[in-house]
Amino acid sequence: MDERRFEITDQPISVEEVTRKVTRRECGAIATFIGTVRELTEGKRTLKLEYEAYKPMAVKMFAEIEREVKEKWPDAALAITHRIGVLEISDAAVVIAVSTPHRKAAYEANEYVMERIKQIVPIWKKEYWDDGTAWIGDQLEQVPYRKAVKKEGEADD
Amino acid sequence: MDERRFEITDQPISVEEVTRKVTRRECGAIATFIGTVRELTEGKRTLKLEYEAYKPMAVKMFAEIEREVKEKWPDAALAITHRIGVLEISDAAVVIAVSTPHRKAAYEANEYVMERIKQIVPIWKKEYWDDGTAWIGDQLEQVPYRKAVKKEGEADD
Amino acid sequence: MIKVLLFAKLQEEAGVHEIELEGSGRTVQSVKEQLVQEYRLPSLETSMAAINEEFVKEEDIVSPGDTVAFIPPISGG
Amino acid sequence: MIKVLLFAKLQEEAGVHEIELEGSGRTVQSVKEQLVQEYRLPSLETSMAAINEEFVKEEDIVSPGDTVAFIPPISGG
């Protein structure tokens, strides 16, 4: 548990490695999530993806998500590695590992982490298709962001 | 997807290997669950565990669980490896990998598989403590078993 | 001939993993009764039964050549 | 001096990743207005802002030495 549990890397991610970071004698369950590059989205064929991150802030936001997880599941341990750069179909873009004493919490916390990554961690993907490219992003996801900002202790206006 | 996706082994399990078996171009999510040997259960210290399986039937039951998963989540792919023999603290006893096009189903199906393993797959663990040993087993889990039997097409009596 | 398999605690209670029994047209229940008489097996009461690797009920029929497995409460995962 | 960072689509629109601006006691909103004037940046309207790697609101104050990042809708994971 001494090593860096939150990483942004331009190298392929080792699931074994991320999992190892959360393995502890007191845990009986490790839930791992791997986000992979899918070829088809709503019928459109992706050729490759390119991920970009605001690295230092992304790592800070991973730590912020860990604080939220510890509030909800005090016994959980968390590690996240997100890859950036050009990814091919089936490459792992993100690996999330959560360990807990019992399994229910491992699944729940892992899913929570994935949702929060999509809300507050400054990482972007660009899709490459046959007929063009686009940076993907969901404006709706600014609503949870507002909540994240308010958590910093500022008043609503 | 050609290799054996359901295995009982007396060797350490490779998470990477089980994950690889379900990786597909059409999937964007892989949820993996790793059941590890926990040191403390209700305050009691486990020294080691021993797992035993009725191997051919266990593999058949894994395939039965896969059929159930395909009914509920037609796009899911599943791989399970369960280890038997003597395991030390933090060793992985079971690794379940589920891939799906989108993430929600991967988490749900994975959790479903783990619950079904605990209900219908003939595998037993023996706990070793300072002051003795015991085969663990929950009689309550015979209720879901009854349901499993009925599924075979027989009438309730 | 019927092959009977015992696992985990049941195997420890019997002292053997595999037993061969005679008889045809017997129910699972009758096999259990014979095992209790010959080996006692206190854990048999709470065990499930399988014929040829499929779960069955006590009233199901065991045929010669079948493998009957008795499965104490499981604890995999 | 204020350091401004632009990412993804915003970076493509501006043609640069990093910009330096003058001024003190300015709000995030005033920084955005200057960027729109000088670079247009149609994606700025839907972007979030961070000062020194923490999310902030438009009325928050930017001090000299701060790094202000504009973050278009994210899509990690």
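Here is how names work: the chains are called A, B, and so on, in the same order as the sequence lines, proteins then strands, and each is numbered from 1.
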Quiz item: At a heavy-atom separation under 4.5 Å, does B/E115 approach chain A through its side chain, its backbone, both, or neither?
Solution: both
Quiz item: Counting heavy-atom pairs under 4.5 Å to chain A, which of B/K104, B/E26, B/H102 comes out on top?
Solution: B/H102
Quiz item: Side chain, backbone, both or neither: which part of B/E111 has an atom under 4.5 Å from a heavy atom of chain A?
Solution: both
Exercise. Against chain A, label B/S90 side chain, backbone, both or neither, depending on which of its atoms sit under 4.5 Å from a heavy atom there.
Key: both
Exercise. Check A/I84 against A/Y51 and note the closest heavy-atom contact, atom names and distance.
Key: CB-O, 3.5 Å
Practice problem: Indicate yes or no: at least one non-hydrogen side-chain atom of A/D130 is less than 4.5 angstrom from one of A/R45. | Solution: no
Exercise. With a 4.5 Å cut-off on heavy-atom pairs, point out which of A/A29, A/G28, A/A106, A/S14 contacts chain B the most.
Key: A/G28
Quiz prompt | Contact origin within A/E108 toward chain B - heavy atom pairs under 4.5 Å | solution = neither
Exercise. Indicate yes or no for a side-chain donor-acceptor contact from B/H82 to the backbone of B/T9 under 3.5 Å, with no hydrogens or angles considered.
Key: no
Quiz item: Should A/E50 and A/Y128 count as side-chain neighbours, where that means a heavy-atom distance under 4.5 Å?
Solution: yes
Quiz item: Looking at A/G35, A/P101, A/A97, which has the largest count of heavy-atom pairs under 4.5 Å with chain B?
Solution: A/P101
Practice problem: Check the pair B/V22 / B/C27 against side-chain contact (heavy atoms from CB on, under 4.5 Å), numbers first and verdict last. | Solution: CA-CA 9 Å; B/V22 299; B/C27 85; over 6 Å; no
Quiz item: Any side-chain heavy-atom pair from A/L78 and A/F6 closer than 4.5 angstrom?
Solution: yes
Quiz item: At a heavy-atom separation under 4.5 Å, does A/V15 approach chain B through its side chain, its backbone, both, or neither?
Solution: both
Practice problem: Considering only heavy atoms and a distance below 4.5 Å, find which of A/V95, A/V37, A/I89 pairs most often with chain B. | Solution: A/I89
Self-check item: Smallest separation among heavy atoms of B/T46 and B/E127, with atom names
Solution: OG1-OE1, 2.7 Å
